[in-house]
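For this chain, numbers begin at 1 and follow the sequence in order. We count ligands from 1, going down the list as the structure has it; atoms in each ligand are counted the same way.
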Amino acid sequence: MCLSLVFLLVSLTVARAGFLYGQPCSERNTAYLYSTTWTIPENREINCVDVTGFRNPNLMNYLEFFRLASAAHTLYADHMNLTSFPVSMVFSLPGLETLDLSGNHIRRLPYRMYKIAPSVSKLMVAENRLFVPKKRPLFVSNTVKMLMLSKNKIGHVYPVTFKRMPNLEVLYLDSNAIKCISADIFKPLAGLKYLHLGLNQIQDFPAQSLMPPQLRHYITKDQRRIKVEPFCEA
Ligand SMILES: *[C@@H]1O[C@H](CO)[C@@H](O)[C@H](O)[C@H]1NC(C)=O
């Protein structure tokens with residue numbers, strides 16, 4: 001009993017000092033935006049924002065909500081049928097570190113990601129329809145450490161694709177339609193530790209010795225066989 005009282009006092013002190021920042025998302029620290037209303041935590045310590053129940057495209061009516069939530073570190077905007085990257089929503093939450101946009105129909109990511117999401121470190125864009133440009137990087141960001149691009153029907157990635165994400169450590173490219181991979185694609189990623197290339201159509205993988213030196217998890221399993229051998233440029 002004594003112990004639990006001490007624990008309670010400590011929790012209260014911590015909560016009052018605002019040290020809840022960095023806590024995992026739960027109902028107690030999440031603000032929810034719905035189509036005609038919103039809810040915010042009683043103590044107004046908003047760490048996370050969930051807009052998955054929001055259907056109204058006119059954000060201007062909800063400026064107050066985003067002002068209240070402006071210190072949030074996590075945004076859930078997954079499985080909403082979004083057809084474009086929610087630029088103004090993301091821009092209005094400058095402290096975002098985790099951004100979940102999985103399960104939408106997004107085709108293009110903002111090239112200047114560092115301006116739209118200046119603190120983002122985990123970017124989840126699995127199950128979308130992302131277009132990967134041939135001539136320029138997918139986007140520019142010094143803060144992104146984890147990028148999830150699984151299940152996007154991606155056919156090609158290029159040596160320029162990840163060139164402007166120098167701090168990327170974890171990259172998911174699994175469950176796409178990639179046929180050709182070269183070590184050049186990953187050369188700009190000096191700190192890459194985890195690379196998932198499973199469930200593609202790749203026949204030849206670069207040897208681990210050609211890959212970034214810190215790569216510990218290099219996952220290549222379950223490639224689909226294709227009828228015609230691809231012609232992969234060296
Ligand atoms: C997304 O679109 C599909 C197909 O039109 C629909 O069945 C589904 O309910 C939509 N989901 C949301 C969250 O709007």
Side-chain angles (χ1 to χ4, degrees), residues 23-42 44-113 115-133 138-139 141 144 146-157 170-178 196 198-201 224:
Q23 294 260 312
C25 298
S26 69
E27 286 194 9
R28 289 177 49 207
N29 61 17
T30 300
Y32 294 88
L33 181 61
Y34 303 105
S35 288
T36 54
T37 182
W38 69 66
T39 63
I40 61 169
E42 258 168 51
R44 298 200 158 203
E45 285 257 1
I46 302 178
N47 291 357
C48 311
V49 174
D50 185 330
V51 299
T52 55
F54 182 61
R55 295 288 170 273
N56 188 332
N58 189 1
L59 277 189
M60 296 315 264
N61 299 336
Y62 300 91
L63 293 181
E64 177 67 4
F65 175 84
F66 288 99
R67 196 186 60 72
L68 287 169
S70 60
H73 60 58
T74 298
L75 174 66
Y76 295 107
D78 56 294
H79 300 93
M80 293 177 69
N81 290 342
L82 295 178
T83 52
S84 61
F85 189 96
V87 171
S88 31
M89 200 182 282
V90 171
F91 188 66
S92 67
L93 303 171
L96 282 184
E97 293 167 7
T98 302
L99 177 49
D100 188 354
L101 294 165
S102 311
N104 284 298
H105 309 297
I106 298 170
R107 183 140 175 83
R108 285 176 188 273
L109 294 177
Y111 179 69
R112 291 182 177 80
M113 188 66 81
K115 284 198 168 158
I116 309 297
S119 311
V120 72
S121 105
K122 291 184 190 143
L123 181 53
M124 294 164 257
V125 221
E127 293 176 71
N128 276 273
R129 300 176 181 166
L130 282 187
F131 167 72
V132 178
L138 188 58
F139 58 78
S141 169
V144 168
M146 189 273 254
L147 177 61
M148 198 177 273
L149 301 175
S150 322
K151 296 190 184 172
N152 269 279
K153 302 195 165 83
I154 294 170
H156 296 274
V157 283
V170 176
L171 176 58
Y172 290 86
L173 279 170
D174 59 293
S175 313
N176 280 295
I178 300 168
H196 196 335
L199 285 157
N200 278 287
Q201 303 165 6
R224 283 180 293 255

request  = Mind listing the closest non-hydrogen atom pair of Thr98 and Met124 along with its distance?
outcome  = CG2-CE, 3.5 Å

message = Rounded to the nearest 0.5 Å, what separates atom OH in Tyr62 from atom OG in Ser92?
response = 14.0 Å

Run through all N or O atoms in ligand 1 and write down each protein N or O closer than 3.5 Å, as a pair with its distance.
from	atom 1	to	atom 2	distance (Å)
ligand 1	2 (O)	Asn81	ND2	2.3
ligand 1	11 (N)	Asn81	ND2	3.0
ligand 1	14 (O)	Asn81	ND2	3.4

ask   = Going through the distances and angles, do Leu101 and Ile106 end up as a side-chain contact (heavy atoms from CB on, under 4.5 Å)?
value = CA-CA 9 Å; Leu101 294 165; Ile106 298 170; 4.1 Å; yes

key: Distance (rounded to the nearest 0.5 Å) between Asn128 CG and Leu82 CG   = 8.0 Å

message = For Val120 versus Met113, what's the shortest heavy-atom pair and its separation?
response = CG1-CG, 4.4 Å

ask   = Quick one: are the ring centres of Tyr32 and Phe54 less than 6.0 Å apart?
value = no

